[in-house]
Every structure is written in C-alpha cells, then in structure tokens.
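Atoms within each ligand, like the ligands themselves, are counted from 1 in listed order.
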Amino acid sequence: MKKMLIAGNWKMNTTPKEAKVLAQKILYGLESLGKTHSKVLLCPPYTNLFAVKEVINNSEIELGGQNCFYELQGAYTGEISPLMLLELGCSYVIIGHSERRTYFVETDDVINKKVSSAVVAGLKVILCIGETLEQRKNNDTFAILEYQLNQDLHLLEIKDIKNVIIAYEPVWAIGTGISASVEQIAEAHDWIREFFRNKYGEIANEMIILYGGSLSDNNCFEILNIKNVNGGLIGGASLDPTKFLNIIKTAEDLLSQ
Ligand code: PEP
C-alpha cells in the first residue's frame with residue numbers, strides 16, 4: 001500500500017487555547033473516520049505544542065515542530081533544540097520551509113546542519129525544497145532541487161535517510177491559492193524519487209515525498225492520486241478542520257481503492 005502522510009503546518013497561527021480547540025475538532029473528526037491508513041501530523045507553533053499534545057495524547061495523531069536549531073543546548077537566545085521538541089512529544093520537525101529561507105535568511109548550510117542534528121537527536125525531518133517562480137520560468141527548477149537536496153543532506157549519514165521526508169513545495173504555490181499542476185507535481189516528484197534512487201538505491205522506493213502549495217480539499221484528489229505523491233504539507237487548509245479532515249478522508253479513499 002502507498003504510504004500517505006497528511007501534515008498540517010499551522011505556521012504562526014493559533015494561541016494555545018485556539019490550538020486546543022482546533023486539535024480537538026481534528027481528533028473528533030478522525031475518530032469518526034475509524035482506523036486510518038494515512039498518518040496525520042500536526043505542527044502547531046512551539047508555544048502550543050504542550051496544549052496540542054494533551055489533546056492528541058492517546059491518539060494516532062503525531063506532533064511536530066515547525067523548525068529547530070542545530071545545537072542541542074546553549075546560549076542561543078530565542079532558539080529551541082531538537083531535544084526540547086522530543087521531550088514535548090514531537091516525532092517530526094519541518095526544516096527549510098521557504099518562509100524560513102526567505103524571511104529568516106536560512107541558508108542551505110544552516111539547513112544542512114539542522115537536518116542532521118534533528119535526525120541524530122531522534123526526530124523525523126520534513127525537509128522542504130522548491131523553486132521560485134523566476135527559477136521555474138528560467139527552466140532552473142531541477143537544478144535548484146538538485147542543489148538543495150545535495151546541500152541540505154550533505155551531513156546526513158546514509159543510514160539516516162529513512163528518517164527524512166521530502167516536501168516539494170514550489171515557492172510560488174505556497175499560500176497563493178494557486179497550486180502547481182498535476183503534470184508539474186508528477187514531474188517533480190518522479191525526479192525527486194529518481195534522485196534518491198541514484199544516490200541511495202532501492203530505499204528511495206520507501207521514502208515519503210509530500211507535495212505542498214495551496215493543497216486543499218478541492219484539489220487534493222488529483223494531487224494525492226499522483227503516483228509519487230505520498231501526502232501533503234498543508235498550510236492554510238490545515239487551519240480549517242473541515243477542509244483538513246476532507247483531505248484526510250480523500251487520502252483514505254485513495255488508499256482503499
Ligand atoms: C506550507 O505552509 O507549507 C504550505 C504549503 O502552505 P499553503 O498550504 O497555505 O500553501
């Protein structure tokens with residue numbers, strides 16, 4: 001059966017109280033679906049991790065951070081470490097989201113250190129990669145993906161690749177309401193799978209490759225149905241429990257086909 005991960009990236013949205021309510025709605029909706037074959041992951045802001053964990057504690061919903069630093073402790077005011085995420089019950093962390101690359105000037109060098117530190121500490125990493133609109137127009141998409149994958153995974157030991165998930169997120173599709181087309185997504189995901197096959201061999205077949213960028217309940221069927229798409233990293237639509245649950249239901253329908 002195809003692997004499917006439906007991950008909600010809440011970004012800088014929800015207070016702890018609001019996060020609890022949102023998590024509860026998602027949990028109740030999931031419970032009414034019964035046993036799911038897809039994995040569901042919630043990535044609230046750091047300040048809400050504890051509150052959300054309390055809600056999802058005895059469920060199959062997983063918890064993730066939206067970022068973390070590469071050092072495990074020390075004088076790094078404002079940062080948080082993989083160990084802190086782990087102790088709060090996180091099993092995943094998103095690294096290299098385009099908003100962090102753009103607004104917080106995270107370089108591939110920093111992302112590389114973060115990926116390897118988080119994985120060594122025991123987290124699964126969702127590494128975000130993707131081209132800007134200008135890069136796509138210049139036919140640089142695959143050169144950019146190759147550059148990011150080579151740089152961002154440089155320090156990772158081969159044995160740890162099983163703990164890395166790739167999120168292909170074209171920058172121009174994030175938060176714009178305009179997702180990439182089925183053809184563009186299929187082409188990019190085939191390319192990413194092939195990249196890993198060439199580099200790491202057959203383990204590439206087991207890797208989870210997510211799509212992200214204006215994925216919602218109105219386009220999830222055709223996107224999740226693409227051969228090398230193993231789920232989605234969802235921003236805006238993950239804040240709406242009805243839409244998020246519809247996406248999970250669609251994933252379930254596709255898995256049971
Ligand atoms: C994201 O935050 O990774 C994302 C894909 O956002 P959105 O779904 O809102 O485009």
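Checking E252 against S38 by side-chain atom types alone, a donor-acceptor pair falls below 3.5 Å.
Residues N230 and L210 approach most closely at O-CD2, 3.4 Å, considering heavy atoms.
The structure places NZ of K137 at 10.5 Å from CH2 of W172, a figure rounded to the nearest 0.5 Å.
Identified under the salt bridge (Lys or Arg N to Asp or Glu O under 4.0 Å) test for residues 5-30, with sequence neighbours left out: K11-E99, K20-E54.
The pair E106-K114 meets the salt-bridge criterion, with a side-chain N (NZ, NE, NH1 or NH2) lying under 4.0 Å from an Asp/Glu carboxylate O.
Proximity of a side-chain donor or acceptor of T132 to a complementary backbone N or O of V171 within less than 3.5 Å is not detected.
Protein residues are said to neighbour a ligand when one of their heavy atoms lies under 4.0 Å from it; for ligand 1 these are N9, K11, H97, E169, A173, I174, G175, G212, G213, S214, L233, I234, G235, G236.
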